[in-house]
Protein chains: 2
Amino acid sequence: MSRQLGSGRTTLPQQLAQVLRQRIREGHWSQTQRLPTEAELCAEFQVSRVTVRQALRTLESQGLITSRQGVGTFISVSDAMVHTGLQELKSITETIREMGLTPSMRFSLKKIRPATPDEAAEFPGNPGGDVLELRRTISADDVVVAYVHDVMPMWVFGDDFDVDDLTGSVFAHLGKHTDVVPRRAVSEIHACRGLPAEWAPFAEEPPAPETLFLLLDQMQFDHRNRPFMHTEAHFIEGRFTFMVVRLAPV
Amino acid sequence: MSRQLGSGRTTLPQQLAQVLRQRIREGHWSQTQRLPTEAELCAEFQVSRVTVRQALRTLESQGLITSRQGVGTFISVSDAMVHTGLQELKSITETIREMGLTPSMRFSLKKIRPATPDEAAEFPGNPGGDVLELRRTISADDVVVAYVHDVMPMWVFGDDFDVDDLTGSVFAHLGKHTDVVPRRAVSEIHACRGLPAEWAPFAEEPPAPETLFLLLDQMQFDHRNRPFMHTEAHFIEGRFTFMVVRLAPV
DNA sequence: GAGTGGTCTAGACCACTAA
DNA sequence: TAGTGGTCTAGACCACTCA
């Protein structure tokens, strides 16, 4: 049997990975824990082996499958739990959704202001020199999981931007109203006790002063390699599990 | 000019990435911050474009370069600092060495004992049922940075193993004396206050009870997808900076 | 329009595993 | 020995950037 992949905006390996991920989730191969051979996947989806292998490598880097030379390709998570690893760049709300929870978000600050000297250096080539500062509280199933502070240069939004347009996921807004496509982020990870003092005026449900946090301090870059967003996200330890799939150097 | 890559145990993209990394470090292209075109790299190293692109993708995932369609490929770190990200599987000592520091290690426990029921479930197919338990303190430039607890099934080492053989890096020992090749690891990351109580008999330079740690709790798998090592590493917050390069899904 | 990176193919050969 | 995944090539066409 042969199936037709679409010819849309996404790449073939991306589409194929999506289909295979779906089948794994649905338990298509749960009896044997084994996927079809690469040749069989080529035939079914009418794509080259390189394309199949790239899709499989994506799933492997997500920890879903592993291959053994001379043997085959196997599912490496037995249950339906599909963790999204930190090595993959996704919005926080999307990550929550993939965990099967319902994300929600409350903005406690949306402010356009001049960039500080540090911010001006972080975001070179920002005509006007203004930045948008956000503070928001993110919840999963109505339980607060993170306090997030973002700074973005105003070139991202263009001239006809109204801060009230920004209501839900920042990534979703970017996709709809701008040509900024997030491509990579560089994050530092820290352990941290208590929320920084500067949060005091903004945290509407302030955590206990001794609360432990995982701090993700990250700069995000778009498809043209422009830094477009600096995020400090404080995740309450224990309410959110971070995973990383680490692979040996190619 | 054409250069010959070796034909050794490593793949061509791997070798090419190594050469390019070296050149970046040496500042070959620091004037323009721009690498040769893909076609030029193909010609110089006598490899196909697919090979060149795979090497470039490796460097990109390490945060060293970025490409822009229609323009070129550019160096994305200006100074000689080369961070190794968490998304890459390396031994702790190697990571320390790449930061330009000198790693050292002190074992406070090396013990062969029967596996607990949990451990037996973690390591299926372990004839004899014994595990090697390690507790070690890792230092960088003689400053303690991490407390590490490892459990490994004894099949890893074979029959002629003497615990006294194990003196330095565990990964290095595996490479020399066994056929286990680390391939991937799945890590959970947590923030944590104080060292767990079970460390008390072993921590020779115990940290203050309120010390903040980043805990990496990881299971490592070898090239045949066998789980061979469970590691709980407590890193003292601030003495070690963890970075992750996060990429948008292919 | 010239040149760059982005995507995809068909096919070759090798290394490994298991029967 | 047959079948699997691992590696690599040559070449095609497209999308984007910039002069």
Side-chain angles (χ1 to χ4, degrees), chain A residues 2 4-17 20 29 32-43 45-60 65-76 179 181 183-184 222-226 247-250, chain B residues 2 4-17 20 29 32-43 45-60 65-76 179 181 183-184 222-226 247-250:
Chain A
S2 102
Q4 194 64 47
L5 295 175
S7 51
R9 326 178 328 286
T10 62
T11 65
L12 288 179
Q14 216 168 330
Q15 296 174 48
L16 179 52
L20 296 178
W29 304 296
T32 57
Q33 294 287 92
R34 180 182 181 152
L35 269 64
T37 67
E38 296 182 352
E40 287 168 345
L41 291 173
C42 291
F45 294 98
Q46 295 292 301
V47 293
S48 73
R49 189 156 161 238
V50 174
T51 300
V52 166
R53 285 181 60 77
Q54 191 168 338
L56 294 178
R57 184 170 53 233
T58 298
L59 297 180
E60 181 178 27
I65 62 171
T66 56
S67 301
R68 286 180 52 193
Q69 184 170 358
V71 188
T73 306
F74 299 87
I75 298 175
S76 61
D179 66 346
V181 180
R183 166 135 156 205
R184 80 187 168 99
D222 77 348
H223 59 126
R224 292 178 54 192
N225 200 32
R226 302 174 291 188
L247 295 178
V250 178
Chain B
S2 102
Q4 194 63 46
L5 294 174
S7 51
R9 325 177 328 285
T10 62
T11 66
L12 287 180
Q14 214 168 331
Q15 296 173 48
L16 179 53
L20 297 178
W29 304 297
T32 56
Q33 294 288 93
R34 180 183 179 150
L35 270 64
T37 67
E38 297 182 352
E40 287 167 346
L41 291 173
C42 290
F45 294 97
Q46 295 292 303
V47 293
S48 73
R49 192 159 158 235
V50 174
T51 300
V52 166
R53 285 181 61 77
Q54 192 169 338
L56 294 179
R57 185 171 51 233
T58 298
L59 297 179
E60 182 179 27
I65 62 171
T66 57
S67 301
R68 285 179 53 193
Q69 185 171 358
V71 188
T73 305
F74 299 87
I75 297 175
S76 62
D179 66 344
V181 180
R183 167 136 156 203
R184 79 187 168 97
D222 77 348
H223 59 125
R224 293 176 53 189
N225 199 33
R226 301 175 291 187
L247 295 178
V250 180

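Throughout, a chain's letter reflects where its sequence line sits, starting with A, and its residues are numbered from 1. Model, not experiment: these values are computed from the prediction.
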Nearest 0.5 Å, please: how far is CG in A:L16 from OG1 in A:T11? 9.5 Å
Any side-chain heavy-atom pair from A:L20 and A:W29 closer than 4.5 angstrom? yes
Base, sugar-phosphate alone, or nothing: which one does B:R68 contact when heavy atoms must sit under 4.0 Å apart? sugar-phosphate
Using a cut-off of strictly less than 4.0 Å, decide whether A:S48 has a side-chain nitrogen or oxygen near OP1 or OP2 of C:dG11. no
Looking at B:S67, I'd like to know whether one of its side-chain N or O atoms comes within less than 4.0 Å of OP1 or OP2 on C:dT4. no
Answer whether the closest heavy-atom distance between the side chains of A:L35 and A:L56 falls below 4.5 Å. yes
Starting at CG of A:L41 and ending at C1' of C:dA10, how long is that distance when rounded to a whole Å? 17 Å
With heavy atoms under 4.0 Å as the rule, sort B:V50 into base, sugar-phosphate or nothing. base
Interatomic distance, CZ@A:F74 vs CD1@A:I65, rounded to 0.5 Å, equals 11.0 Å
For DNA chain D, whose closest nucleotide is more 5', that of B:T51 or that of A:T37? A:T37
Starting from C1' on D:dT9, measure out to CD on B:E38 and report it in whole angstrom. 15 Å
Rounded distance in Å - CD (A:Q69) to C1' (D:dA2): 15 Å
Please report, rounded to the nearest Å, how far the P atom of C:dG5 is from the CZ atom of B:R57. 15 Å
Measure the distance from CZ on B:R49 to P on C:dT7 and round it to the nearest whole Å. 10 Å
Expressed in angstrom and rounded to an integer, what is the separation of A:F74 atom CZ from D:dT4 atom C1'? 10 Å
Of the candidates C:dT7, D:dG5, D:dA10, the side chain of A:T11 sits closest to C:dT7
Rounded interatomic separation in angstrom, taking CZ from A:F45 and C1' from C:dT9: 18 Å
Separation of A:R68 CZ from B:R183 CZ (nearest 0.5 Å): 10.0 Å
Between D:dG6 atom C1' and B:R183 atom CZ, what is the distance in whole Å? 10 Å
A:G70 or A:V52: which one's nearest nucleotide on DNA chain C is closer to the 5' end? A:V52
Proximal nucleotide (of C:dC8, D:dC8, C:dA18) relative to the B:L12 side chain: D:dC8
Between A:T73 and D:dG5, is there a side-chain N or O to OP1/OP2 distance below 4.0 Å? yes
